[in-house]
*Asks:* 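Quick one: structure below, then a few questions.
Quick caveat: nothing in here was measured; it's all calculated off a predicted structure.
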Amino acid sequence: MVLPLVNLCAKEVVSDHSSSPGWLGCVPRELYRPLLEAAFTNCRPLAVGELVQRWPERTLRAGGRRRGQSPPNRLCVQALLLAVVRGLSDKRCALQVLDLCGLQCEEGGVGDPMGGWSLTVALSTMVVQARAAAQKALGREGERERKRVLAMERERDVVKRERGGGLEEGEGGGLLVESVRKEKEETSGCLREDQQVKGVRRRMEMERRKESAAVAGGKGEADSEVDSEVVVCVRADLFVNARSWERVRAALGTTGPLKLQCRYVRVEELSVSSIGSLLDLLPRHVLLGVDIRYSCLGVAGLALLLPQLSMFPMLSSLRLHYCNLDIRRDMAGQEGAMKDMSQGLGKLSQLRRLSLTALRLPGHLRMLLSSFPQPLEVLELPYLSLTPADLSYLSCSPHASSLQQLDLSENRLDELALPSVRRLLSQASSCLMQLSLSGCGLTDGLLAAMLPSLSCCRGLKSLGLALNPLSLAGLLDLVRTAVRMPSLRQLLYPNPLEDYQPGLPPMPSSAQLLDWPLDELVEVHEATSLQLDRVVMESGRSDLLLTCDLLNYNKDLVEQ
């Protein structure tokens, strides 16, 4: 990739920190952004701090990395956060909105990037510390103001004593002295009151605004107003678990120069009450997505949270992973709780993405999806134990013709489910871009019957079929079909049965295919790769990526 000249120059400028006093004072505002990008790319935390502290624009966006762009180094992110706090007292800094959405990545990646949990803790600490520093500065300012008022009062006393001394010798001097003393007391009292009003006016106005908002009935109304005390709004994606919960709660409940706003929140291992408390603290008109993982919600717990989620008018994504809904027909009140949950989902009027992982809700898909007032665009249902009746409903539902991403991994697909799957693919053929059928028990015969429907998906870019018991012949048929799909960019294929060590059952499950060792002979794997590469080369498809690597496969890398 050829870098523009401005980027090359920016790289040279930030590489030498000793020269920063020379160029910081004269660099035009248009060059701040390329200089900051160069400082991030080349890991120059000192340059990052100096640029951010005097940032000349109202908005700074440091998240949302482009494809192929590595995440910022942890030291650079820490320098950015420290500079934001220092910039609060720097008159050269015009920053009002700091957007860090999409900045975090997996912990411990290449180059020591900052993970989601670490970034959340750092942001929360920054907000709380900025509030404490502002209160301390306010206290110092109040003390200086008090001393100034006392000095003014002493000067007035001296002047009035001098005037009063001359009048006491004449007639009526005593009355004049008394009137002067009263005037001094009234003037001093009014001055003290005026200075006190000046010192607390801002807080009183804030308290008055909050009280009026509460009387008006609106936490939502209060959230929509920006506090007069806020200098910079910090937008970020938060990762909250039991270890970071208290710090995040303190940051979200703090009023000060920095206001923390959340676009996507990921919650792990929190109770229903804690999740509800967290939702109460989040600004209403900013939150776009909620991801709850490894939390024992139960159907009743989820039914309690859904009315709170409906209070967020922009919420478009809801993901529930391993939340143990515990569906049992013999449990008292279970059906009523399911109806409450269905009604709660129906109130999420802007929801476009629904992910339900390992909730095991066989036979309940109609109840869950039929309540939505609008069709979903992303539907992820792995490990859901779907029945043929569930798939039949899905293929005829309003969602089928709007799905852009569909994940049915680890749901057993047999001859009974095959007609519904083919109908579903036909309905979604014009819009489907990502499809995952990994671990669905697809044999050579089932896949051969499904390939015509797959080939009709004109916009499909990513296809996952790992951990299916296919022979080498079935795999070759799959690849021949894939190369004839012009929009397809990634194919996650399964290792053929011939590549495994002897002893594998005739119809292995996905768990057995995952745990069973592959043949140690290199010739076996090379023979498979050569045959697949030959099919791709003969088709002339240099833009199609074939991989069987489950660990490094990422369907989201496909350009939309």
Side-chain angles (χ1 to χ4, degrees), residues 1 66-68 378 401 403-409 413 418 421-500 510 513-514 518-519 521-560:
M1 182 179 66
R66 296 184 295 271
R67 184 181 180 185
V378 179
S401 57
L403 290 175
Q404 298 178 14
Q405 300 179 32
L406 177 64
D407 188 351
L408 298 178
S409 299
L413 303 180
L418 186 60
V421 175
R422 294 185 61 181
R423 188 186 312 118
L424 176 60
L425 294 176
S426 176
Q427 292 291 323
S429 60
S430 61
C431 55
L432 191 63
M433 293 188 292
Q434 295 182 9
L435 174 65
S436 180
L437 298 175
S438 297
C440 291
L442 294 175
T443 60
D444 291 357
L446 290 173
L447 183 62
M450 194 183 299
L451 286 179
S453 300
L454 277 173
S455 61
C456 291
C457 296
R458 300 182 295 274
L460 193 63
K461 296 183 178 181
S462 175
L463 175 60
L465 288 167
L467 301 178
N468 283 296
L470 297 181
S471 67
L472 181 57
L475 178 58
L476 290 172
D477 289 340
L478 170 63
V479 175
R480 292 189 187 100
T481 301
V483 297
R484 293 195 298 268
M485 301 171 65
S487 61
L488 194 64
R489 294 293 178 267
Q490 281 192 125
L491 173 62
L492 176 63
Y493 65 87
N495 294 103
L497 297 178
E498 290 85 349
D499 284 6
Y500 289 89
S510 60
L513 291 174
L514 184 62
L518 294 170
D519 199 316
L521 295 176
V522 179
E523 293 81 2
V524 175
H525 304 296
E526 288 184 348
T528 300
S529 298
L530 286 174
Q531 294 188 61
L532 297 181
D533 292 341
R534 187 181 301 114
V535 174
V536 175
M537 290 179 60
E538 291 175 353
S539 67
R541 288 292 304 276
S542 59
D543 58 345
L544 177 59
L545 173 64
L546 302 184
T547 179
C548 61
D549 189 352
L550 275 169
L551 296 178
N552 296 318
Y553 171 74
N554 186 359
K555 64 179 183 298
D556 294 326
L557 292 179
V558 179
E559 294 182 358
Q560 299 299 320

*Asks:* Indicate the atoms forming the closest heavy-atom contact of Ser409 with Cys440, along with that distance.
*Replies:*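 Smallest heavy-atom distance, with atoms named: CA-SG, 4.1 Å.
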
*Asks:* Could you work out, with salt bridge (Lys or Arg N to Asp or Glu O under 4.0 Å) as the rule, every residue matching Asp499, not counting sequence neighbours?
*Replies:*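 Asp499 satisfies salt bridge (Lys or Arg N to Asp or Glu O under 4.0 Å) with no residue once adjacent residues are dropped.
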
*Asks:* Would Glu538 and Val483 count as a side-chain contact (heavy atoms from CB on, under 4.5 Å) if you check the C-alpha gap in whole Å, the side-chain angles of each, and the deciding distance to 0.1 Å?
*Replies:* CA-CA 10 Å; Glu538 291 175 353; Val483 297; over 6 Å; no

*Asks:* How close do Ser438 and Leu492 get, counting heavy atoms only, and between which atoms?
*Replies:*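 Ser438 and Leu492 have their closest heavy atoms at OG-CD2, 4.4 Å.
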
*Asks:* Testing the basics here: between Leu442 and Asn468, what is the closest heavy-atom pair and its distance to 0.1 Å?
*Replies:*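 Closest approach of Leu442 to Asn468: N-OD1, 3.0 Å.
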
*Asks:* How many angstroms lie between atom CD of Gln531 and atom CG of Leu475, to the nearest 0.5 angstrom?
*Replies:*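 The distance works out to 9.0 Å.
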
*Asks:* In Å, rounded to the nearest 0.5 Å, how long is the span from CD of Gln427 to CG of Leu432?
*Replies:*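 Between atom CD of Gln427 and atom CG of Leu432 there are 12.0 Å.
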
*Asks:* Rounded to the nearest 0.5 Å, what separates atom CZ in Arg534 from atom OG in Ser539?
*Replies:*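 That separation rounds to 13.0 Å.
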
*Asks:* Which heavy atom in Ala449 sits nearest to a heavy atom in Pro452, and how many Å separate them?
*Replies:*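 Nearest pair, atom of Ala449 first, then Pro452: O-CD, 3.7 Å.
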
*Asks:* Check whether any side-chain N or O of Ser462 sits under 3.5 Å from a backbone N or O of Gln490 as a donor-acceptor pair, and report yes or no.
*Replies:*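 The answer is no, because no donor-acceptor pair under 3.5 Å joins these two groups.
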
*Asks:* Report the distance from atom CG of Leu488 to atom CZ of Arg458, rounding to the nearest 0.5 Å.
*Replies:*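 So the CG of Leu488 and the CZ of Arg458 are separated by 15.0 Å.
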
*Asks:* Contact between Pro496 and Thr528 at the side-chain level, heavy atoms closer than 4.5 Å - yes or no?
*Replies:*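 Of all side-chain heavy-atom pairs linking Thr528 with Pro496, at least one is under 4.5 Å.
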
*Asks:* Listed by chain and number, what are the salt bridge (Lys or Arg N to Asp or Glu O under 4.0 Å) partners of Asp549, not counting sequence neighbours?
*Replies:*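 So Asp549 forms no salt bridge (Lys or Arg N to Asp or Glu O under 4.0 Å) with any residue.
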
*Asks:* State, to 0.1 Å, how close Leu403 and Cys431 come at their nearest heavy-atom pair, and which atoms those are.
*Replies:*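 Heavy-atom minimum between the residues: O-SG, 3.0 Å.
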
*Asks:* If every non-hydrogen atom of Leu413 is compared with every non-hydrogen atom of Leu446, which pair is closest and at what distance?
*Replies:*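 Closest approach of Leu413 to Leu446, heavy atoms only: O-CD1, 3.5 Å.
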
*Asks:* Would you confirm whether Ser429, through its side chain, and Ser426, through its main-chain N or O, come within 3.5 Å as a donor-acceptor pair?
*Replies:*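 Yes.
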
*Asks:* Could you go through the side-chain contact (heavy atoms from CB on, under 4.5 Å) check for Leu447 and Asp477 one step at a time?
*Replies:* CA-CA 9 Å; Leu447 183 62; Asp477 289 340; over 6 Å; no

*Asks:* Less than 4.5 Å apart, side chain to side chain, heavy atoms only: is that true for Leu491 and Thr547?
*Replies:*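 With C-beta onward as the side chain, the pair stays apart.
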
*Asks:* Are the side chains of Leu465 and Leu470 in touch, meaning some heavy atoms are under 4.5 Å apart?
*Replies:*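 No, side chains not in contact.
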
*Asks:* Using the side-chain contact (heavy atoms from CB on, under 4.5 Å) rule, take Glu498 and Ser471 through it: C-alpha gap first, then chi angles, then the decisive distance, then the call.
*Replies:* CA-CA 7 Å; Glu498 290 85 349; Ser471 67; 3.7 Å; yes

*Asks:* How long is the straight-line distance from CG of Asp444 back to CG of Leu497, given to the nearest 0.5 Å?
*Replies:*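 Leu497 CG to Asp444 CG: 7.5 Å, rounded to 0.5 Å.
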
*Asks:* Does a side-chain heavy-atom distance below 4.5 Å link Pro469 with Thr443?
*Replies:*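 Contact flag for Pro469/Thr443 side chains = yes.
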
*Asks:* So, Ser455 versus Thr481: side-chain donor-acceptor pair below 3.5 Å or not?
*Replies:*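 The answer is no; no qualifying pair exists.
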
*Asks:* Taking only residues two or more places apart in sequence, or in another chain, which ones meet Arg541 in a salt bridge (Lys or Arg N to Asp or Glu O under 4.0 Å)?
*Replies:*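 Only Asp543 meet the salt bridge (Lys or Arg N to Asp or Glu O under 4.0 Å) criterion with Arg541.
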
*Asks:* What I'd like to find out is whether the side chain of Val378 reaches to under 4.5 Å of the side chain of Gln434, using heavy atoms alone.
*Replies:*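 In short, these two side chains do not touch, never coming nearer than 4.5 Å.
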
*Asks:* Could you give the distance from CD (Gln405) to OG (Ser436), rounded to the nearest 0.5 Å?
*Replies:*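 Reported to 0.5 Å precision, the distance equals 11.0 Å.
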
